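Excluded from the calculations below are hydrogen atoms, water molecules and symmetry mates; all remaining heavy atoms, backbone and side chain alike, are included. Lettering follows sequence order; numbering is per chain, from 1. Bear in mind the structure is a predicted one, so any value in this text is a computation, not a measurement.
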Amino acid sequence: MNTSVEIAGVSFKNPVMTASGTFGSGMEYAEFADLNRLGAVITKGVANVPWPGNPTPRVVETYGGMLNAIGLQNPGVDVMIERDLPYLQQFDTGVIVNVCGKSVEDYIEVVEKLSDQPVDLLEINVSCPNVKEGAIAFGQKADALYNITEQLKKHAKQPIIMKLSPNVTDIAEMAKAAEAAGADAISLINTITGMKIDIDKRRFALANKTGGLSGPAIKPVAVRMVYQAAQAVKIPIIGMGGIATAEDAIEFILAGATAVAVGMMNFHDPYATMSVIEGIEKYMQMQHVEDIRELIGAVHD
Amino acid sequence: MNTSVEIAGVSFKNPVMTASGTFGSGMEYAEFADLNRLGAVITKGVANVPWPGNPTPRVVETYGGMLNAIGLQNPGVDVMIERDLPYLQQFDTGVIVNVCGKSVEDYIEVVEKLSDQPVDLLEINVSCPNVKEGAIAFGQKADALYNITEQLKKHAKQPIIMKLSPNVTDIAEMAKAAEAAGADAISLINTITGMKIDIDKRRFALANKTGGLSGPAIKPVAVRMVYQAAQAVKIPIIGMGGIATAEDAIEFILAGATAVAVGMMNFHDPYATMSVIEGIEKYMQMQHVEDIRELIGAVHD
Amino acid sequence: MAKKKKTQAKVLSQRMLADGICDLWLETSLAEHVNPGQFIGVYPANASALLPRPISICRVNEGRNALRLVYRIVGKGTAEFALYQPGEYLSVLGILGNGFPMEKAAGRKVMLMGGGIGVPPLLELAAQLKRLPEGQKPSQISIVMGYRDAQTFLKEEFEENGALYIATEDGSVGSRGNVLDAVRENHVEADVIYACGPMPMLRAIKKYAQDNRIQAYISLEERMACGVGACLGCVCKTVHEDAHSHVNNTRICTDGPVFNAEDVDI
Amino acid sequence: MAKKKKTQAKVLSQRMLADGICDLWLETSLAEHVNPGQFIGVYPANASALLPRPISICRVNEGRNALRLVYRIVGKGTAEFALYQPGEYLSVLGILGNGFPMEKAAGRKVMLMGGGIGVPPLLELAAQLKRLPEGQKPSQISIVMGYRDAQTFLKEEFEENGALYIATEDGSVGSRGNVLDAVRENHVEADVIYACGPMPMLRAIKKYAQDNRIQAYISLEERMACGVGACLGCVCKTVHEDAHSHVNNTRICTDGPVFNAEDVDI
Ligand SMILES: Cc1cc2nc3c(=O)[nH]c(=O)nc-3n(C[C@H](O)[C@H](O)[C@H](O)COP(=O)(O)OP(=O)(O)OC[C@H]3O[C@@H](n4cnc5c(N)ncnc54)[C@H](O)[C@@H]3O)c2cc1C
Ligand SMILES: Cc1cc2nc3c(=O)[nH]c(=O)nc-3n(C[C@H](O)[C@H](O)[C@H](O)COP(=O)(O)OP(=O)(O)OC[C@H]3O[C@@H](n4cnc5c(N)ncnc54)[C@H](O)[C@@H]3O)c2cc1C
Ligand SMILES: Cc1cc2nc3c(=O)[nH]c(=O)nc-3n(C[C@H](O)[C@H](O)[C@H](O)COP(=O)(O)O)c2cc1C
Ligand SMILES: Cc1cc2nc3c(=O)[nH]c(=O)nc-3n(C[C@H](O)[C@H](O)[C@H](O)COP(=O)(O)O)c2cc1C
Ligand code: FES
Ligand code: FES
């Protein structure tokens, strides 16, 4: 049985990854999950310099999901190079670094610093709804997305994955813009902007007012967008949004994702990635699927 | 204690309504809910002629919600005038008719036929994700929304509510377009486009492939959009999306909704509207709120 | 008809009838005036699953205020229901749907045909048909049930209510094949058919009835959301324009689940 | 430290300690090597509520593999937990956080200050401090607890472990006011403070400790998602750059919940 998949020439032993920002740098979940079994770890977004993030409360639970407004707190790319990448090097797993910035220059600085590092792929976060400057501004207009993708392609040594925002009218248009500008892959979805109000205190539940919705609640939106993107582009897709079980992961793969990432549900079940990996193998056995690549995009018109 | 609210000069005894398409024409739920206690019944979308809707399966459950692709099946406005409006006339409740069409002319025909009917407000559905022609096409581009709103204002005798789609990049822009074109109110959100795949049969769970996501899962997105719309326009807002309890309804009101509608959760609890009405009164008592209008938009910057 | 309501039902008993098939008795005020073929919506307690599950009524005991459901474990909801113990409560919505038109049976030879998990509602029908007063009673009750294999759940109870013929897919009991194979093999005759089961079986029965000029009433299934006729989720295509919808679509939850086979386009 | 894990814990007993305050004993393998002040994440079974609820450990019984939680019913999760009966299982994540630095107590006068639902973790701390071997033991243990009213839950158990002073908001027991009012009224002296309670109380204690040159270790609360340091949801501002985050933010779930009051900007 083959469960390995390839993205932009890099091979991963299986399609199961961890969604950026929900798995730290791997270290935090190493007590629960065997990182050696993961297709890849996608690390928390990292900028050129340390970012403090937003004030608290930063997280709040919602029905079947949660809102977060972390605001991309991160220790900066230098710390990642000194501390986190060497840590991940110990494991037999793919390493994808998620990159954020406030300006195109910020992003370029990060990808250049990572150019000689043991990083398989770069995931460019242009879709975080929780920071005022940059980020989502690049991810909600096709021409802005095209521009930043094109520029990063010039500076990035590793292949780049553009991480798309679901907060758009037409996801296919965004996927096409990324592909046209040279992106090696796309990942989606980032969180959907949401809000919760504390009716007792009559104030916003999050200090940032709005936050990004993730978890099982959003899965149908994510599957739809992955499907629409898969119909629109030829580059590989990493699908995410509410994945809790192998069944969820397989839905994304059938819709057109080459790989998948488990996000918020790590918080509910720190072993979630492990059972997703096992469940995919079981499904393949039951359904007599020899090679997982038969499943990618197998459901379509 | 005053729970009555006003929309475009029409007064409703309380802000609790039923979301279009989830309450039939009221008749179906009259065995459960006392229609006399409702602020208003918003009826299933009606077109100029009968529509057969989409093939089945048309509904599928999702985590904390459901997808529907009914495709606006309806018996046409003549049947509504002969059968459904007289039925609703028996009750002491507001009547809001939801209108759909494939072309601007269709919509105009319906609103003109309704002009001398006992209808308080017209809700114009330009946001149904489940029909190929018309509908959502008018609701995803600000200029298209502006045009149809402007034209309908010329022909509608009753005030019009433009029902907005959440499947847009910028809800504030859409709200502003509706207001600028003369809409008397807006309602939001309609369903978010989603998809479910049956992994055993390896096919789409809905015959229409995609459907509209509703239910508690989408509430944080709906509250956010109501808030953003309320910041952008002065016309009243009817808020909906996942309301199950009085607490949910109050969240929408605090975010800026003048009225609210219970949708999918009628299916879970056919008495939901009644307990929302009671719960709002209880909250007002506990929080010493004399007039519900104090709560509208009370949470903001 | 009694008013529909959502209410709590107390589990009286639950046991396994066959692999993955559960037999559940509920105590509920809904157990009044039930027509065979009607169903209820059963709500999972799991907060992620908000829609009621349509389950047919397999038996009614009005005196005890009790309803019996026989259901197959297929997903989240039914897997949860299978865990309920006597004394626990389930939320139910009902009574839903129309039921089988028993008045068509008067003085005629009727045949009840069930397949798979479509078998249960026919048990109450058989029981009520048998109890009908002289003049309304059928002249003959034949029961033809199709199962996968030797796990012929409810067999003994059907035998008490009429002549039972069984078909099994693997041939382990009765005729090998489907219910129509059993009908042919046993030369079962009928003026009226009441049927419930998977769509291919119902299609075959519709054709068989047409070819043999038999009236057939068939119980249909479709995905439902509201169960009460409001959402238009559960429609079936009709041959003629439907009186309520004004298109060729009828609501299975309220205008069905039982239809005259001639009226529906399946 | 033991490896963190998510596991099933068996309810041994549950009772109400005061209005809306529950006292729950769980049997779980997590009950090894617990530092007072550490906490666990308790998962609601309700599928709409997916995040673990952080609850401090109130007592440990290593021999019986048992943990005690004392919690207030405030929302969906705690309301559900309150329904669990002996023999039922809850999912828990732990052991989480650092706990109070007991080594600071050696030979010194310590004061334990708790307010409201911040009271419970100090009970295990009091018990462990009292049991410390000669040389590591504090020279004196004073316990100052603040309650709303006469429902002074855990009072008797605190009395077994040190000199107890009580403050109540309504003045019904002990000093009227907050814990600092009780400290002043009773002239309680200390070299080291261990505190847990609402933020305004902790702020006041921080100031009191600074003014009186006392070392204060305070246990903080914040909304959490992961509980294990991955999501960066639960941060608190720090006075100096944090070694892990490289900004002035520290994670309460892993680097806390107990901090030296001087290090955090509250
Ligand atoms: C009128 C009617 C009567 C029925 N009577 C019986 C009966 O007596 N015994 C029995 O075992 N089954 C019966 N069914 C089928 C039963 O409704 C489904 O097996 C059940 O809903 C599955 O729920 P689940 O949560 O276990 O499955 P899941 O697959 O987890 O359910 C997901 C969603 O799909 C719906 N769904 C799944 N399968 C079906 C189906 N076949 N028909 C309609 N909705 C479905 C569920 O209601 C739910 O909304 C009947 C269906 C209908 C329409
Ligand atoms: C380190 C730590 C230790 C704690 N120890 C105790 C204890 O021993 N006893 C006790 O009664 N309470 C304790 N709390 C508070 C407890 O976590 C909350 O009361 C509980 O999470 C509320 O859950 P709920 O589902 O009932 O409320 P809901 O309001 O329905 O919860 C919704 C969400 O908000 C979170 N939340 C709500 N209130 C708080 C809060 N005060 N702090 C953190 N998260 C919150 C919940 O975890 C959940 O994610 C502690 C909190 C922390 C951070
Ligand atoms: C707490 C939290 C932090 C996140 N941080 C990042 C981030 O730094 N960069 C990024 O691209 N996405 C981030 N995300 C988005 C996730 O990677 C993922 O796209 C999203 O949560 C949807 O997946 P899920 O529903 O499985 O969580 C974050 C999500 C959460 C919940
Ligand atoms: C089965 C179904 C049918 C619907 N039909 C209509 C419709 O005809 N016209 C319309 O404007 N909205 C329709 N809607 C959308 C609802 O009115 C509402 O905007 C949406 O479901 C969000 O609210 P909820 O989450 O409370 O259901 C329909 C929704 C459902 C679930
Ligand atoms: S299930 Fe809603 S109309 Fe039948
Ligand atoms: S709760 Fe996630 S870092 Fe603390």
Side-chain angles (χ1 to χ4, degrees), chain B residues 18 21-32 43-45 49-76 78-80 82-83 200 205-207 211 214-217 242 244 263-272, chain C residues 1-8 41-54 74-77 91-96 199 220-238 241-255 264-266:
Chain B
T18 60
T22 65
F23 210 73
S25 60
M27 212 179 295
E28 289 78 6
Y29 277 105
E31 287 183 77
F32 302 95
T43 60
K44 171 73 185 163
V49 293
W51 286 11
N54 287 326
T56 57
R58 290 179 171 186
V59 291
V60 63
E61 188 179 79
T62 66
Y63 205 106
M66 64 175 279
L67 291 168
N68 90 79
I70 307 299
L72 295 176
Q73 178 185 326
N74 77 86
D78 297 333
V79 173
M80 159 153 288
E82 279 160 41
R83 181 185 64 194
D200 294 322
L206 294 172
S214 57
M264 176 212 160
M265 286 306 271
N266 288 303
F267 311 156
H268 179 71
D269 174 11
Y271 311 107
Chain C
M1 249 202 298
K3 236 177 122 176
K4 287 173 196 155
K5 58 185 166 191
K6 181 179 177 185
T7 180
Q8 293 284 95
V42 187
Y43 287 93
N46 184 323
S48 73
L50 295 167
L51 299 177
R53 272 51 179 166
V74 297
K76 216 191 231 182
S91 290
V92 294
L93 178 76
I95 297 292
L96 308 178
M199 194 52 97
L220 302 181
E221 268 191 22
E222 188 47 81
R223 302 283 151 149
M224 297 186 174
C226 70
V228 300
C231 75
L232 307 182
C234 66
V235 299
C236 172
K237 291 223 156 299
T238 53
E241 187 183 293
D242 179 68
H244 180 268
S245 73
H246 289 257
V247 290
N248 290 18
N249 264 348
T250 188
R251 296 166 301 179
I252 292 176
C253 68
T254 36
D255 305 319
V264 288
D265 179 11
I266 57 173

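- Taking C:Arg223, C:Lys76, C:Glu241 one by one and counting their heavy-atom pairs under 4.5 Å with chain B, the maximum is reached by C:Arg223.
- A salt bridge between B:Glu28 and C:Lys4 is absent, with no side-chain N of the basic residue lying under 4.0 Å from a carboxylate O of the acidic one.
- Top candidate by heavy-atom pairs under 4.5 Å with chain C, chosen from B:Met265, B:Arg58, B:Met66, is B:Arg58.
- The distance from atom OG1 of B:Thr56 to atom CG of C:Leu220, rounded to the nearest 0.5 Å, is 10.5 Å.
- Of the listed residues (B:Phe32, B:Tyr29, B:Tyr63), the one with the most heavy-atom contacts under 4.5 Å to chain C is B:Phe32.
- Side chains of B:Pro270 and C:Val228 form no contact here, defined as non-hydrogen atoms less than 4.5 Å apart.
- In this structure, the side chains of B:Tyr271 and C:Lys5 come closer than 4.5 Å at one or more pairs of heavy atoms.
- A donor-acceptor contact shorter than 3.5 Å is absent between the side chain of B:Lys44 and the backbone of C:Ala230.
- For the residue pair B:Ile70 and C:Leu232, the shortest heavy atom distance occurs at CD1-O, 3.5 Å.
- Note on B:Val60, B:Val79, B:Thr62: by heavy-atom pairs under 4.5 Å with chain C, the leading option is B:Val79.
- B:Phe23 touches chain C through its backbone: at least one of N, CA, C or O sits under 4.5 Å from a heavy atom, while the side chain does not.
- Contact tally against chain C (heavy-atom pairs below 4.5 Å) for B:Gly26, B:Ser25, B:Gly64: the top residue is B:Gly64.
- With a threshold of 4.5 angstrom between heavy atoms, B:Asn266 does not approach chain C through any atom at all.
- Side-chain contact between C:Val247 and B:Trp51: absent, with no pair of heavy atoms (C-beta onward) separated by less than 4.5 Å.
- Proximity of C:Leu50 to B:Pro216: side-chain heavy atoms (C-beta onward) are separated by under 4.5 Å at one or more points.
- Expressed to the nearest 0.5 Å, how far OG of C:Ser48 lies from CD of B:Glu61 amounts to 7.0 Å.
- Across every non-hydrogen atom of C:Ala243 and B:Arg83, the tightest pair is O-NH1, 4.0 Å.
- The nearest pair of heavy atoms linking B:Pro57 to C:Glu222 is CA-OE2, 3.8 Å.
- A heavy-atom distance below 4.5 Å is found between the side chains of B:Phe267 and C:Leu51.
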